[in-house]
Asker: 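Quick one: structure below, then a few questions.
Note that this is a predicted model, so its numbers are computed, not measured.
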Amino acid sequence: MPALTTAEVLGLSPKQVVSPIGLIEQIEGGLPFATLDRITGFLAPGDTQFKYRFVPRATWSRRKAAHKLSLDEGTKLARVAKVYTAAVDAWGSKDEARNFLFRAHPMINDKLPIDVVMKSELGADLVMDILGRLKYGTAA
């Protein structure tokens, strides 16, 4: 399986994102609303409520009408996409990556990795560290 990129997971074309700075610019300009459906489809395909963890229910209709996400929403989506791509890389499968993200892990006090990632950048770093250990064969 070829390695996924964060931009691919977000549904952005190579023309839209030609560098890491290009990704930042896309997020700052407002990721397309469709990115939300794309990410939730990868992570929680059967959970119709998962999208509200990125965009509150009260805000969802406004974002959909505007066709763009806020900077904070886009940043969270990109953070989750980055960790998801690392999980796919470490596990070699989208299903296994999803299982990892939604299963309690002892190295983060039996919390779900997806919850830790969504909470903060530091949480994402912890989960990325676990994924690196898994990929390269050190204790995880």
Side-chain angles (χ1 to χ4, degrees):
M1 169 187 295
L4 286 172
T5 67
T6 301
E8 288 171 329
V9 171
L10 292 171
L12 303 173
S13 74
K15 289 181 181 179
Q16 291 173 298
V17 180
V18 294
S19 70
I21 293 297
L23 179 57
I24 291 169
E25 289 170 349
Q26 286 289 313
I27 294 166
E28 289 174 342
L31 288 176
F33 183 80
T35 303
L36 178 61
D37 290 332
R38 185 170 171 86
I39 287 285
T40 58
F42 276 123
L43 292 172
D47 184 351
T48 59
Q49 302 303 303
F50 189 70
K51 63 187 171 195
Y52 299 122
R53 294 186 65 190
F54 293 99
V55 177
R57 186 182 301 268
T59 308
W60 192 83
S61 293
R62 286 193 307 273
R63 294 292 184 263
K64 185 174 182 180
H67 304 287
K68 290 200 181 240
L69 299 172
S70 72
L71 175 61
D72 288 341
E73 294 157 354
T75 299
K76 186 184 282 190
L77 277 172
R79 181 170 64 235
V80 170
K82 177 181 170 185
V83 173
Y84 175 73
T85 61
V88 171
D89 186 43
W91 287 99
S93 150
K94 292 177 182 178
D95 288 337
E96 288 299 318
R98 189 173 32 256
N99 289 339
F100 165 79
L101 290 169
F102 286 90
R103 186 176 53 239
H105 197 284
M107 290 180 71
I108 49 176
N109 295 338
D110 291 323
K111 294 181 189 306
L112 301 182
I114 191 68
D115 292 341
V116 174
V117 170
M118 291 186 78
K119 195 166 227 172
S120 71
E121 188 66 38
L122 290 173
D125 290 345
L126 289 172
V127 174
M128 291 291 283
D129 184 56
I130 292 168
L131 289 167
R133 290 171 180 238
L134 286 166
K135 182 175 178 176
Y136 296 108
T138 60

Asker: In Å, rounded to the nearest 0.5 Å, how long is the span from CD of Glu28 to OG of Ser70?
Answerer: 12.5 Å

Asker: What pairs with Asp72 under salt bridge (charged side-chain N to carboxylate O under 4.0 Å, His left out), at least two apart in sequence or on another chain?
Answerer: none

Asker: Please identify each residue that fulfils salt bridge (charged side-chain N to carboxylate O under 4.0 Å, His left out) with Arg98, with sequence neighbours left out.
Answerer: Asp95

Asker: Quick one: which residue pairs count as a side-chain hydrogen bond (donor to acceptor under 3.5 Å, both in side chains) with a foot in residues 30-48, not counting sequence neighbours?
Answerer: none

Asker: From Leu126 CG over to Leu131 CG, what is the distance, rounded to the nearest 0.5 angstrom?
Answerer: 11.0 Å

Asker: Linking Ile, Leu, Val, Met, Phe, Trp and Tyr by side-chain heavy atoms under 4.5 Å, what else ends up with Ile24?
Answerer: Ile21

Asker: Is there a side-chain contact between Val80 and Ile114 (heavy atoms, below 4.5 Å)?
Answerer: yes

Asker: Using 0.5 Å steps for rounding, measure from the CZ atom of Phe54 to the CG atom of Leu43.
Answerer: 6.0 Å

Asker: Over all heavy atoms of both residues, which pair between Arg79 and Met118 is shortest? Give the atoms and the distance, please.
Answerer: NH2-O, 3.0 Å

Asker: Run the side chain to side chain donor-acceptor pair (under 3.5 Å) test against Lys135 and tell me which residues pass, sequence neighbours left out.
Answerer: Asp89

Asker: According to side-chain contact (heavy atoms from CB on, under 4.5 Å), who are the partners of Ala81, at least two apart in sequence or on a separate chain?
Answerer: Thr6, Val9, Leu10, Ile39

Asker: Heavy atoms only: give me the nearest Leu12-Pro32 pair and the separation to one decimal.
Answerer: CD2-CD, 4.1 Å

Asker: List for me each residue that meets salt bridge (charged side-chain N to carboxylate O under 4.0 Å, His left out) alongside Arg53, sequence neighbours excluded, and say none if there are none.
Answerer: Asp115

Asker: How are the rings of Trp91 and Phe100 set relative to one another: parallel (under 30°), tilted (30 to 60°) or perpendicular (over 60°)?
Answerer: tilted

Asker: Return the orientation label for the Tyr84 and Phe42 ring planes: parallel under 30°, perpendicular over 60°, tilted otherwise.
Answerer: tilted

Asker: Name all residues meeting the side chain to side chain donor-acceptor pair (under 3.5 Å) criterion together with Gln26; count only those two or more places apart in sequence or in a different chain, and write none if there are none.
Answerer: none

Asker: In chain order, what residues pass the side-chain contact (heavy atoms from CB on, under 4.5 Å) check against Val116, with sequence neighbours excluded?
Answerer: Ile108, Lys111, Val127

Asker: Decide yes or no on side chain to side chain contact (heavy atoms under 4.5 Å, CB included) for Leu101 and Leu112, but give the supporting numbers first.
Answerer: CA-CA 6 Å; Leu101 290 169; Leu112 301 182; over 6 Å; no

Asker: Quick check on Lys51: does its NZ atom have over 12 non-hydrogen neighbours (other residues, nucleotides or ligands) under 6.0 Å away?
Answerer: yes

Asker: What heavy-atom pair brings Pro113 and His105 nearest, and what distance separates the two atoms?
Answerer: CG-CB, 4.3 Å

Asker: Lys68: what forms a side-chain contact (heavy atoms from CB on, under 4.5 Å) with it, not counting sequence neighbours?
Answerer: none

Asker: Checking Arg63 now: which residues fulfil side chain to side chain donor-acceptor pair (under 3.5 Å) with it, not counting sequence neighbours?
Answerer: Glu73

Asker: Not counting sequence neighbours, which residues clear side chain to side chain donor-acceptor pair (under 3.5 Å) with Gln49? List them please.
Answerer: Arg57

Asker: Minimum heavy-atom separation for Leu69 and Gly74, please, with both atom names.
Answerer: CB-N, 4.4 Å

